[in-house]
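Heads up, the thing below is written out as structure tokens.
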Amino acid sequence: MLEKGYIVHGVKRRSSSFNTGRIDDLYMDPHADDVRFFLHYGDLTDSTNLIRLVQEVQPDEIYNLGAQSHVQVSFETPEYTANSDAMGALRILEAMRILGLEKKTRFYQASTSELYGKVQEIPQKETTPFYPRSPYAAAKLYAYWITVNYRESYGMHASNGILFNHESPMRGETFVTRKITRAVAGIKLGYQDKIYLGNLDAQRDWGHARDYVEGMWRILQQDEPDDYVLGTGEMYSVREFVERAFAHIGVEIEWRGKGVDETGVDKATGVTRVVVDPRYFRPAEVELLLSDPTKAREKLGWQATTPFSELVREMVTEDLKTVAREQDR
Ligand code: GDP
């Protein structure tokens with residue numbers, strides 16, 4: 001957004017430890033001239049705060065990317081997840097309405113492929129029925145429909161991007177892709193010897209976040225608001241992600257055993273590198289997600305451009321640097 005010339009206002013939650021590490025390179029000294037990036041304290045669970053911020057900023061576009069976004073954690077904190085992910089979207093839409101910005105401000109809701117959950121059709125597109133499988137997905141289902149409802153009720157330019165998993169070297173460390181690439185880096189550098197994972201057979205449509213943010217922006221530049229699936233149209237298993245990531249450090253993984261006893265072994269040395277730990281199994285699992293992004297291609301001219309192999313390579317390469325830096329401290 002900054003590269004496109006926007007003035008950007010972000011919202012950050014208060015924490016007693018630093019929590020802006022992933023955007024620190026964008027920081028602009030508020031005393032400098034021509035500041036175009038501002039951060040405000042706020043929270044999707046606090047209506048008064050949201051109304052005041054929207055009033056002060058009078059934004060042309062709002063991207064609601066805020067959420068308790070971890071599926072497994074949502075089983076532990078379901079009420080908080082509903083409050084931030086479902087009610088949070090409603091609070092922003094209401095703030096826009098209360099302040100009379102229905103016709104000025106455009107709204108993007110970060111909807112998710114998790115809505116498809118126990119998939120009713122393969123691949124999944126905009127018309128595929130939803131079947132949420134977690135408190136996270138159930139909360140996001142409300143946010144999806146309240147966005148559609150405000151569009152239809154009040155004529156707001158409010159749109160959903162139904163994004164399939166999008167990853168990058170900045171992905172949170174507890175999501176499976178980043179967990180794997182960090183572990184591969186740690187193993188290569190000798191700081192750890194194995195990784196514990198859950199369901200190795202889950203399949204996902206993994207793309208690069210860099211491509212997807214462009215898609216979000218395009219959704220809001222359309223004359224008419226609408227809902228779009230963004231994904232690559234390709235699907236790989238967690239097991240395949242593991243194999244590719246280890247291949248980048250020259251290790252070929254051989255799978256032995258079945259179910260919870262399955263292990264991934266370095267074929268050359270016989271050393272065990274991957275162990276299944278049932279603590280990472282989910283109470284209800286989303287086994288498979290695969291997008292059909294035809295509508296985005298035809299209407300937005302958008303396509304995912306980063307191949308799976310390149311995504312894995314970039315994440316492993318960056319984590320080799322990150323892990324080395326952390327261990328140096
Ligand atoms: P999600 O698709 O939003 O749930 O993204 P995640 O990266 O958290 O999980 C993707 C898939 O990987 C899910 O089907 C998980 O069950 C599976 N998975 C297997 N092992 C792990 C693990 O150790 N951590 C996480 N987060 N997911 C795992």
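Residues take their numbers from the sequence shown, with the count starting at 1. In each ligand, atom 1 is the first atom listed, and ligand 1 is the first ligand listed.
Atom 20 (N) of ligand 1 has its closest protein heavy atom at Gly198 N, 2.8 Å. Atom 18 (N) of ligand 1 has Val176 CG2, 3.8 Å as its closest protein atom, hydrogens excluded (heavy atom only). At the shortest separation from atom 5 (O) of ligand 1 among protein heavy atoms lies Asn165 ND2, 3.6 Å. For atom 14 (O) of ligand 1, the closest non-hydrogen atom on the protein side is Glu285 OE2, 2.9 Å. Atom 23 (O) of ligand 1 has its closest protein heavy atom at Lys179 NZ, 2.7 Å. Distance from atom 26 (N) of ligand 1 to its nearest protein heavy atom, with residue and atom name: Thr174 O, 2.9 Å. Atom 4 (O) of ligand 1 has its closest protein heavy atom at Arg282 NH1, 2.5 Å. Protein heavy atom in closest approach to atom 2 (O) of ligand 1: Arg204 NE, 2.8 Å.
In summary, the side chains of Ser237 and Gln203 do not present any donor paired with an acceptor at a separation below 3.5 Å, with no hydrogens or angles considered.
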Report, one line per pair, each donor and acceptor closer than 3.5 Å where one atom sits in a side chain of residues 185-192; sequence neighbours left out.
residue : atom : partner : partner atom : Å
Gln192  : NE2  : Lys194  : O            : 3.0

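Contacts classified as ring-ring contact (aromatic ring centres under 6.0 Å, His included) and involving residues 292-325 (residues at least two apart or in different chains) are given here: Tyr212-Trp302, Tyr236-Phe308, Phe241-Phe308.
Note that CG of Leu44 and CG of Asn83 are 9.0 Å apart. Values are rounded to the nearest 0.5 Å.
Contact annotation: for Thr112 versus ligand 1, there are no heavy atoms closer than 4.0 Å.
Asn199 pairs in a side-chain contact (heavy atoms from CB on, under 4.5 Å) with only one of the listed residues (Arg282, Arg239, Glu287), which is Glu287.
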>> Between Trp255 and Glu243, is the side-chain hydrogen bond (donor to acceptor under 3.5 Å, both in side chains) condition met? List the steps.
In response: CA-CA 10 Å; Trp255 302 100; Glu243 290 167 4; 2.7 Å; yes
